[in-house]
Protein chains: 2
Amino acid sequence: MPPLTGRRSGQPGRVSGGARSRTAGGRPAVMADVARLAGVSAQTVSRVLNDHPYVAEETRARVVAAMLELGYRRNLTARALVTRRTDTIGVIAFDTGLYGPASTLFSLEQAARERGYHVHVATVPDLSEEGFVDAVERLRGHLVSGLVVLAPQRGAVRAMAGFPGDLPAVAVEGGAAPGLTSVVVDQVGGAVQATRHLLDLGHRRIAHVAGREDWIEADARLQGWQQAMADAGLPAGPVLPGDWSARSGHEAGLALLAAGVPVTGVFVANDHMALGLVRALAEAGVDVPGDVSVVGFDDIAEAGYLRPPLTTVRQDFAEVGRRCVDRLLHLVEGPDGSPPEDALVVPATLVVRASTASPAGEPPRP
Amino acid sequence: MPPLTGRRSGQPGRVSGGARSRTAGGRPAVMADVARLAGVSAQTVSRVLNDHPYVAEETRARVVAAMLELGYRRNLTARALVTRRTDTIGVIAFDTGLYGPASTLFSLEQAARERGYHVHVATVPDLSEEGFVDAVERLRGHLVSGLVVLAPQRGAVRAMAGFPGDLPAVAVEGGAAPGLTSVVVDQVGGAVQATRHLLDLGHRRIAHVAGREDWIEADARLQGWQQAMADAGLPAGPVLPGDWSARSGHEAGLALLAAGVPVTGVFVANDHMALGLVRALAEAGVDVPGDVSVVGFDDIAEAGYLRPPLTTVRQDFAEVGRRCVDRLLHLVEGPDGSPPEDALVVPATLVVRASTASPAGEPPRP
DNA sequence: GGCGTGTGTGTTTGCGTTCACAGTGATCTC
DNA sequence: GAGATCACTGTGAACGCAAACACACACGCC
């Protein structure tokens, strides 16, 4: 039993004398130290740590006391080596300061922690397949139990096509990637609600400002808008390009004004763009909601305090994070026969504020 | 050398025949497999992996080829066990969806990756010392090389007082915690700039809406405002409480109006509150910047598209993340005699937009 | 009284990697 | 030509932990 035989310990002499805190020599205590102090075998210490049955209460107490006295901390890398698992979830995120991914990440960590898991993060600098592969490799090296991918771009889904099948993974807004289960917010449903809200107010000519190209959410929101318009038997108005930024919303507003299209309502794919759009309209003397109604998407923290307070669609990112963990751990721990039902959908809810009203001279539909 | 002696491998027979990809039995390849295929010892494989000198070019090539053929991936937990390090940075974050911490986290990961480090995240549910200790313990268990603490509350600093001295750590906005180096944005300087900007425009009665109690940034911004007012020989106007939210800014606006204090300028501790304040003023028919000038702090993405476009102070979170990693790795890798100069300050810059103007009838100061 | 079962503990072994050390030839030095 | 140095490679022993196995003892049962 070499640990304290001196050759390696920096301090000479009186080794097994009085192990006050830590171990003589300052080396962090290991199981053998605890075992020695408690007068049991290392295996018994392990049993105490892992809550195995069949450890006498008296023994357990002695071991716990020894651990406390030595300030023992179990070495998770050693444990991982032998158990071949780290109880760690790997999160792959596209490098971004956007509100959604960040919130999801935090709630995800919280949910993971509650279930005894840790979170290891890897961001990808761009959407190349290479970047993803690299991120996956790094996380695999750490023996993560599973992966959560927070990269809601189609490019990301494409890059994930070559995903290793042996590692459980959940994608957030992952679209319909084959073999990859996903947790998504009901983007289409949210967009339908937003558009219907405008329709119900009596609007007939409704434009859409789209989100960044290649983003799955942008597609879904566009689709929801189209669907709602079609359901109402109305032609879908103009679609203006955007990139999620307030700046692009502003530009869309200017383009809308320049085109002279007689719209009375606009469904904008996110709040930041909605805000830019409202500003462009205001600059041109167009009142919101007096002349044009605007609906956003996201329900950013300040949405209620914009001018006017923004009608928008709320996404529950905290719920997304929790569900991701649920889903992933189900895959990880569950009987492997678990069916990966295609996607878990978190509902989106319309939040009506003051940026929408009935168009002039037109009463709301019953 | 047991790895392929059959007893454990699922597949019977013909083991060392043709290891096409992975190893027979599907078990991931380990060093010994690579070594066998390349006709060298495991030690040589290790040397190739770690770029040791003194490996013949021809040998290296053979090893690399074998690794490729077997799809070998080095097991970082095993490596960590023996080297006693994981090249991982632990990040402790207060559970929040706020813009600053999230941006910092992402840029931090990027900087870490560039330097060959990984990032492990632990959030704390509240500011209790217990929560911090728990987070630190979990990260230590993973043998992180160092810690970055993203918790800019005084409570956090207090909780960190009992920080283990043997683990290098860097605090973001960590105030003056003893023995803990920190990276901070020049909050005071930013606040001074913001206030001076108002003073230069000719404002004399300037109020302040404070940030959330217990936050270091809130204190610093308050202090900067006081300092600038004092330097100008003016009495500091009223201070209104806030909690960073747009809602609290709105309330502050109402309170200001109710109090009937004749201020012409307001320095608000963050943009979200500034936006709420502007809204409250607008509702009361007070024009910004016509009647009152407003300066925020943060430069959120949409600041330029608010009504009016917000004059504010920008914080470079990406830079903060990079500096954190620099600093931490200096501590981790550097000669341990490295002096921990107290705090590394990242400058803040004033961004002048349209929410500020000279007060009515008063020309700007030269 | 022998057998099974349940409870509690120790011994041995191996997880996959790196470190310390010990070689091997070859080339160089005086 | 004996030794020293260089370039390269292999051997054994850890690292700290948990699984497999073995063992010891107590109790109940027929």
Side-chain angles (χ1 to χ4, degrees), chain A residues 1-9 22-23 27-36 38-63 67 70 72-87 140-143, chain B residues 1-9 22-23 25 27-36 38-63 67 70-87 140-143:
Chain A
M1 217 128 294
L4 286 180
T5 38
R7 214 189 59 216
R8 297 180 57 96
S9 76
R22 302 296 154 109
T23 307
R27 175 177 52 68
V30 298
M31 267 195 180
D33 300 321
V34 176
R36 199 171 312 112
V40 298
S41 74
Q43 179 57 34
T44 296
V45 177
S46 171
R47 277 192 269 256
V48 169
L49 278 170
N50 295 296
D51 281 326
H52 271 278
Y54 304 154
V55 176
E57 199 42 60
E58 198 270 337
T59 308
R60 179 186 308 274
R62 233 173 43 239
V63 169
M67 293 198 296
L70 296 176
Y72 172 74
R73 180 169 26 240
R74 144 211 256 168
N75 182 326
L76 291 180
T77 64
R79 177 187 163 86
L81 180 59
V82 57
T83 59
R84 294 149 180 285
R85 48 188 306 219
T86 53
D87 293 348
R140 278 183 94 105
H142 274 288
L143 301 188
Chain B
M1 216 129 294
L4 285 180
T5 38
R7 213 187 60 215
R8 297 180 57 97
S9 76
R22 305 293 154 114
T23 309
R27 175 177 54 68
V30 299
M31 266 196 181
D33 301 320
V34 176
R36 199 172 310 112
V40 298
S41 73
Q43 179 56 37
T44 297
V45 177
S46 171
R47 277 193 267 256
V48 169
L49 278 170
N50 296 297
D51 282 327
H52 271 278
Y54 302 157
V55 177
E57 200 43 59
E58 197 269 339
T59 308
R60 180 187 307 274
R62 237 175 36 241
V63 170
M67 294 198 295
L70 295 175
Y72 171 75
R73 181 168 23 239
R74 142 209 261 171
N75 182 325
L76 291 180
T77 64
R79 177 187 163 85
L81 179 60
V82 56
T83 60
R84 294 149 181 284
R85 49 190 304 222
T86 52
D87 291 348
R140 278 185 93 106
H142 274 289
L143 301 188

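Quick caveat: nothing in here was measured; it's all calculated off a predicted structure.
Atom-to-atom, CG of B/Asp87 to C1' of C/dT18 comes out at 14 Å; the value is rounded to the nearest Å. The distance from atom CZ of A/Arg36 to atom P of C/dG10 is 14 Å, rounded to the nearest whole Å. Atom CZ in A/Arg62 sits about 8 Å away from atom P in C/dT9, given to the nearest Å. If you take CE of B/Met31 and C1' of C/dC15, they are 14 Å apart, rounded to a whole angstrom. In this structure, A/Asp33 atom CG and D/dC15 atom C1' are separated by 13 Å, rounded to whole Å. Here the P atom of nucleotide D/dG16 and the NE2 atom of B/His142 are 17 Å apart, to the nearest Å. Per the geometry, CZ belonging to B/Arg84 stands 10 Å off P belonging to D/dC17, to the nearest Å. The nearest whole Å value for the distance from the CG atom in B/Asn50 to the C1' atom in C/dT17 is 9 Å.
The two residues B/Asp33 and B/Pro28 come nearest to each other via the heavy atoms OD2-O, 4.2 Å. Nearest heavy-atom pair, B/Thr77 versus A/Ala80, reported as atom, atom and distance to 0.1 Å: CG2-CB, 3.8 Å.
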What nitrogen or oxygen pairs link the protein and nucleotides 5-10 of chain D at under 3.5 Å?
{"residue": "D/dA7", "atom": "OP2", "partner": "B/Tyr54", "partner atom": "OH", "Å": "2.9"}
{"residue": "D/dT9", "atom": "OP1", "partner": "B/Thr59", "partner atom": "OG1", "Å": "2.4"}
{"residue": "D/dT9", "atom": "OP2", "partner": "B/Ala56", "partner atom": "N", "Å": "3.0"}
{"residue": "D/dG10", "atom": "OP2", "partner": "B/Ser41", "partner atom": "N", "Å": "3.0"}
{"residue": "D/dG10", "atom": "OP2", "partner": "B/Ser41", "partner atom": "OG", "Å": "3.1"}
{"residue": "D/dG10", "atom": "OP2", "partner": "B/Thr44", "partner atom": "OG1", "Å": "2.7"}
{"residue": "D/dG10", "atom": "N7", "partner": "B/Arg47", "partner atom": "NH2", "Å": "2.7"}

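Residue B/Arg79 has a polar side-chain atom (N or O) positioned under 4.0 Å from OP1 or OP2 of C/dT18. A/Arg74 has a side-chain polar atom (N or O) that falls below the 4.0 Å cut-off from OP1 or OP2 of D/dA18.
At distances below 3.5 Å, at least one donor-acceptor pair connects side-chain atoms of B/Thr86 with backbone N or O atoms of B/Leu143. A donor-acceptor pair under 3.5 Å is absent between the side-chain atoms of A/Arg73 and the main chain of B/Gly141, judged by distance alone.
When side chains are defined from C-beta on, B/Asp51 counts as touching B/Arg60, because their heavy atoms get closer than 4.5 Å. Counting only heavy atoms from C-beta outward, the side chains of B/Arg79 and B/Asn50 approach each other to under 4.5 Å. Inter-residue side-chain proximity for A/Val30 and A/Asn75 is flagged as unmet; no heavy-atom pair is nearer than 4.5 Å.
Terminal axes of the helix from C/dG1-D/dC30 to C/dC30-D/dG1 (five pairs each, C1' rotation axis) are separated by 50°, to the nearest 10°.
The B/Asn75 side chain lies nearest to C/dT17 when the options are D/dG16, C/dC15, C/dT17. Here the side chain of B/Leu81 is nearest to one of C/dC15, C/dT17, C/dG16, namely C/dG16.
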Can B/Val63 and B/Met31 be said to form a side-chain contact (heavy atoms from CB on, under 4.5 Å), step by step? CA-CA 10 Å; B/Val63 170; B/Met31 266 196 181; over 6 Å; no

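Nearest-nucleotide positions on DNA chain D place B/Ala78 closer to the 5' end than the other of B/Ala78 and A/His52.
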